[in-house]
Amino acid sequence: MSTSRGTRIRELIVTPIAFRDPPLLNSGGVHEPLALRIVVQLVLEDGTVGLGESTGGAVRRERLRAAAKVVNGMDVFDTTAVAAAIDAALLPTVPSSHERGWTTSAVEVACLDAQGKLLDRPVSDLLGGAVRYSVPFAAYLFYKWAEHPALDGRAALGDDWGEALDPAGIVEQARLMQQRYGFESFKLKGGVFPPDEEIAAIRALAEAFPGQPLRLDPNVVWTVETSKYVARELDGVLEYLEDPTKGIPGMAEVAEESPLPLATNMCVVAWEHLKPAIEQNAIQVLLTDHHYWGGLRRTRELAAVCEAFGLALSMHSNSHLGISLAAMTHVAAAIPNLDHSCDTHYPWNSADDVIVPGALELREGEVRVPTGPGLGVELDHDALDRLHRLYLDSGMRGRDDTGYMRRFRPEYEPRLPRW
């Protein structure tokens, strides 16, 4: 393929950052005061810069640095070759396609952002065009402490969300989410308390927000029998039940008797998982995530496969910032068969964003698809520098929800299944 010199990749800058995170509870423990991400800047020979974002930690950083060594000099429009080069570089030490996908995705998003800037077109156009111009998201509710407790001479760290440790607290958190962002659907991160307590929280939400879609995600902490019990109890209340038990065989066993659709972002996370999941009818809803499916174009392809086999679609989220939210919004806009609102952690983390404010805004539970070139967002270099310094000063190099929980509850054991 012939190309002008200006479209070749000159450099891939990998910048690890840390940002504030509330004490959100989950099946593995509790979020630490800081979360980690990595910002990627793909610089072309003409000076154009494409942006990408990935989860943080030393392992992801080293894999992205390995990618940086092999993409220099490649054509930014040849994303198939770029992905193949990264795959080949990582394959000897990273056999999992799911794990390699995290690296490939961050670079592919940066390539698409740069392409859009060169062509003066939004990324959604590069994915086939937007079929919707505003993407719906669900409020992501968590059981949480009122504050990060004082520790090692550090003062307690509070926030304006408050405590949520029972149904009333979860309902109040949902009200705040709706007041601030207009959400019309709600997801509760479960797996924290015994199932009957979380059933009570969902029923309280259903009473407080009648007719609005609800979902529950206990992150595989239940046995098959407990999963069946919860599905029966919440029949007619939930739109779907996400990852109640571990693995494709376990999910298939639950699905045989569940009156609710089952969803996953845990047992089907790579292409090789699709065939057995479909054959066993283990899931009815797939939560896509471009970060580990290999990028935006692969996510678009995945949506077509799901449509062919009758799987409904939603979208998974992790603790992300604005570059990832922009990428999620563009690919969601280009997927015709997006059947459910997408997950997003953005309200929990947006105060420490690395993009210039104004391009992305959650209103009425939706994000308007950016219409500017590429992702339509601009990097805030001062914020990036500040959060990179925070990363360096923190000494954190990985996420450890369990270890952090044990600082306060030494007996804590996140066994699976738990109930």
Side-chain angles (χ1 to χ4, degrees), residues 17-37 53 55-56 137-183 186-193 198 201 204-205 208-209 217 219 317-322 324-325 343-355 357 360-363 365 367 380 383-384 386-391 393-396 399-409 412:
I17 61 173
F19 55 92
R20 292 170 292 174
D21 206 15
L24 307 178
L25 298 165
N26 57 67
S27 64
V30 61
H31 287 204
E32 297 175 82
L34 294 175
L36 303 179
R37 293 296 273 187
E53 181 185 326
T55 52
F137 286 87
Y140 209 146
L141 309 178
F142 282 82
Y143 291 104
K144 70 179 290 292
W145 295 337
E147 60 187 14
H148 286 284
L151 182 68
D152 296 336
R154 182 199 73 203
L157 302 173
D159 57 61
D160 63 354
W161 290 99
E163 182 179 86
L165 296 174
D166 56 21
I170 291 296
V171 168
E172 179 57 25
Q173 186 183 106
R175 290 193 194 282
L176 287 174
M177 283 279 185
Q178 189 171 71
Q179 290 169 8
R180 294 174 184 181
Y181 302 104
F183 288 113
F186 302 90
K187 169 177 172 173
L188 175 61
K189 177 65 76 178
V192 177
F193 295 109
E198 297 184 354
L205 286 169
F209 303 94
D217 174 17
N219 279 139
S317 162
N318 48 50
S319 297
H320 63 90
L321 298 176
S324 279
L325 179 61
D343 294 349
T344 181
H345 285 66
Y346 197 62
W348 297 111
N349 306 125
S350 59
D352 274 347
D353 210 348
V354 292
I355 62 170
L360 298 172
E361 194 169 0
L362 270 165
R363 284 188 177 181
V367 175
D380 183 333
L384 181 68
R386 175 175 55 82
L387 297 180
H388 179 56
R389 288 195 302 271
L390 183 59
Y391 166 82
D393 294 342
S394 72
M396 283 186 66
R399 176 174 171 174
D400 186 6
D401 291 5
T402 301
Y404 186 56
M405 174 68 88
R406 286 174 175 163
R407 302 292 299 275
F408 311 104
R409 300 177 186 173
Y412 181 77

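Distance OG1/T402 to CZ/R407: 14.0 Å, rounded to 0.5 Å. How far OG of S350 is from CD1 of I355: 9.5 Å, rounded to the nearest 0.5 Å. Between I170 atom CD1 and K189 atom NZ the span is 12.5 Å, to the nearest 0.5 Å. Atom CG of L387 and atom OG of S394 lie 11.0 Å apart (nearest 0.5 Å). Atom-to-atom distance recorded for Y391:OH and M396:CE is 9.5 Å, nearest 0.5 angstrom. Annotation: the span from F137 atom CZ to K187 atom NZ amounts to 13.0 Å, rounded to 0.5 Å.
No side-chain N or O of N26 forms a donor-acceptor pair with one of N219 less than 3.5 Å apart. R399 and T55 are not linked by any side-chain donor-acceptor pair at a separation below 3.5 angstrom, with hydrogens and angles left out of the test.
The side-chain hydrogen bond (donor to acceptor under 3.5 Å, both in side chains) search around D21 returns H31, N349, not counting sequence neighbours. Partners of K144 according to the salt bridge (Lys or Arg N to Asp or Glu O under 4.0 Å) rule, which considers only residues two or more places apart in sequence or in another chain, are D159.
When every heavy atom of R406 is checked against every heavy atom of Y412, the shortest pair comes out as NE-O, 2.9 Å. In terms of heavy-atom proximity, P347 sits nearest to T344 at CD-O, 4.0 Å. Across all non-hydrogen atoms, the minimal contact from V171 to A208 is CG1-CB, 3.8 Å. Between G322 and L360, the shortest heavy-atom contact is O-CD1, 3.3 Å. A pairwise comparison of heavy atoms in F186 and A138 identifies N-CB, 4.4 Å as the closest pair. Minimum heavy-atom separation, H148 to P23: NE2-N, 3.2 Å.
Side-chain N or O atoms of E198 include one that pairs as donor or acceptor with a backbone N or O of F193 at under 3.5 Å.
You'll find the side chain of I17 reaches within 4.5 Å of the side chain of L321, heavy atoms only. Between R37 and D352 the shortest side-chain heavy-atom distance does not fall below 4.5 Å. In this structure the side chain of L24 never reaches within 4.5 angstrom of the side chain of W161, judged on heavy atoms. Side-chain contact check for M405 versus L25: some heavy-atom pair is nearer than 4.5 Å. Within the 4.5 Å cutoff, no side-chain heavy atoms of F19 are placed close to those of L390. Residues V30 and D401 fail the side-chain proximity criterion, which asks for heavy atoms closer than 4.5 Å. By the 4.5 Å heavy-atom criterion applied to side chains, Q178 and R175 are not counted as neighbours.
More than 12 heavy atoms of other residues, nucleotides or ligands lie within 6.0 Å of CZ in R154, so this atom counts as buried by the packing criterion.
Taking the six-membered ring where the residue is Trp, F142 and H345 present tilted rings, their angle falling between 30° and 60°. Ring planes of H320 and Y346: parallel class, angle under 30° (limits at 30 and 60°). The aromatic rings of F408 and W145 lie perpendicular to each other, with more than 60° between the two planes, well past the 30° mark.
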Item to check | Derivation and outcome, side-chain contact (heavy atoms from CB on, under 4.5 Å), residues L141 and L205 | outcome: CA-CA 11 Å; L141 309 178; L205 286 169; 3.8 Å; yes
